[in-house]
Amino acid sequence: MFQMETETIALNESLCNTMYIGISDGDYFMENSCYSIESMWDEEKKIFLNKALVKVSYVPTNISDALHREDVIRKMQRCLIDVSKNLAPNNIIVYGKMGTGKTMITKLVLNDLEKVAAKKRVKLTTIYISCEDANSENGVLGLINNNLMFELLGKFREKIGNSISRNTFNFKKLFNELDGILIIVLDEIDKIKNPDLINKLARSISEKTGQPPCLICITNDINFKDDLKGHTKSVLAESEIQFNPYNAEQLNNILDARVEKAFYPGVVVDMVVPLISALCAQENGDARKAINLLCKSGEIAEEKLKNVIKEEDVREANDRLELDRLTSIIETLPTQSKLTLLTASVLSENSPKNECTTGEIYNIYKQYAHLIDIDILTQRRITDLISELDSLGIINAIVKSNGRYGKTKVISMQGSKQIIRHVLLQDYRLKSLEGNLLQNCFRNNLN
DNA sequence: ATTCCACAGGAAGCGACGGCCC
DNA sequence: GGGCCGTCGCTTCCTGTGGAAT
């Protein structure tokens, strides 16, 4: 242990001594040669035994490796059992919050089903489509056709950019040529702007088999089905499978299983896994986040050249992931939302209770918008932007009544104000508000 | 019990824009 | 190329709301 600490001190010293001489066109030079990737490459590997197992993209190969999902696996298998009778199973809608294992379990169950079908000589084709990648009805149809083409001819279609009617025609043609049962998984179906596609696909009947395709629609949005039109809703209402969030104990078991295979023995100290489970269970029971946090903690320990992961590494990893999350959300916001957020941040920082109201935000927002020469939106629109920021988890907005003094939304910041401010001021239009201007504007409002 | 405030948020509509289709 | 249609960002108008003040 003493040796480890000495190593850490030595590294910190070398960090301090390193001097960047010049950075140009993405190329840089450093005086200290210990930063070559070769020295990093040759370092003794002390933390990860098999890092791939704590990557979010990792999917277990065996269905028994999916812990605490026996009930939904059973239910999905029961829904799909018609394949054994050479019949297309009922359509399935799978919903649950992020990180509850919807995609992983669906893929595992289908892999298993394919193996059994092959053994029993039942012709089965499964297609997995991530609607986030395609995001339009036509895009999804194109991807399905590509997969069918691959299944029938062993090659992908080269031409892209067909119209919807052309792609619909192609789908029917390819589907008619396909022998056996077709199962199409539409992951993140809520990302498709026009979900009439579900109806179109579900009502297609293969001339060869007389069967429709089976659709498995996966969504994070519990209200997704309620927003569909009547006929589409009835098509999807056949079978529903809900994935509940994992609790702390379940997350604990999932992490323990990964720790055992992914890290060298003794690397993860006793309190690390319970801490990660508790942090993730108190949010959404998100297993993906828990595994990501475990991986990041390991990387931080590795960075520090330590051979154990401690609680402080988990907390640091949690902060870094939170920073990444906030940065990626804020960077993609439109200018008007950024300005609304900046105003809320300044006002809450200057308030004794660290909070502000819609009316206060709107007054300062108008001044800022005028200063940076952008359109001044109506208060009605700003209330919508505040609600959007609230649903993104950047601010916390609660409707509160002040009796005779009216009803308003009380807004407080979620996460570090400094980080939010820093990311916002990267925007060149908001940068001009940096410094005294923010304070001056605030004082004007008070006066 | 009634009044009143400062909004929240629903509904309808407008203009810009992009994709599709003939 | 032009018409059609859906979507998006926004405005205007409106009703509803909780609770302190009267």
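Chain A is the first sequence line, chain B the second, and so forth, proteins listed ahead of strands; every chain is numbered from 1.
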In whole angstrom, give the distance that lies between atom CD of E388(A) and atom P of dA8(B). 14 Å

Would you say a side-chain N or O of K400(A) is under 4.0 Å from OP1 or OP2 of dC7(B)? no

Assess, by modelled atom type and distance only, whether the side chains of Q77(A) and R74(A) contain a donor and an acceptor separated by less than 3.5 Å. yes

Starting at atom CG of L141(A), determine the distance to atom P of dG19(B), rounded to an integer number of angstrom. 17 Å

Between atom CG in L389(A) and atom P in dA8(B), what is the gap in whole Å? 13 Å

Any salt bridge linking E312(A) with R315(A)? Criterion: basic side-chain nitrogen under 4.0 Å from a carboxylate oxygen. no

Interatomic distance, Y405(A) OH vs dT3(B) C1' [rounded to whole Å]: 13 Å

Donor-acceptor check, side chain of N91(A) to backbone of L215(A), threshold 3.5 angstrom: yes or no? yes

Which comes earlier along DNA chain B counting from the 5' end, the contact point of S387(A) or that of G406(A), where each point is its nearest nucleotide? G406(A)

Salt-bridge test for E316(A) and K304(A): reply yes if a basic N is under 4.0 Å from a carboxylate O, no otherwise. yes

Protein-nucleotides 10-16 of chain C N/O pairs under 3.5 Å:
| unit_1 | atom_1 | unit_2 | atom_2 | d |
| --- | --- | --- | --- | --- |
| dC10(C) | OP2 | R381(A) | NE | 2.9 |
| dC10(C) | OP2 | R381(A) | NH2 | 2.9 |
| dT11(C) | OP1 | T378(A) | N | 3.2 |
| dT11(C) | OP2 | T378(A) | N | 3.1 |
| dT11(C) | OP2 | T378(A) | OG1 | 2.8 |

Rounded to whole angstroms, how far apart are CD on E360(A) and P on dA8(B)? 12 Å

Calculate, to the nearest 0.5 Å, the distance between atoms CD and NZ belonging to E355(A) and K409(A) respectively. 14.5 Å

Polar side-chain atom of K51(A) near backbone of C295(A) as donor-acceptor pair, under 3.5 Å: no

Distance check needed: dA8(B) C1' versus N402(A) CG, whole Å only. 13 Å

Indicate whether OP1 or OP2 belonging to dA6(B) is found under 4.0 Å from a side-chain N or O atom of S401(A). no

Can you tell me which nucleotide in dG18(C), dA8(B), dA20(C) comes closest to the side chain of R404(A)? dA20(C)

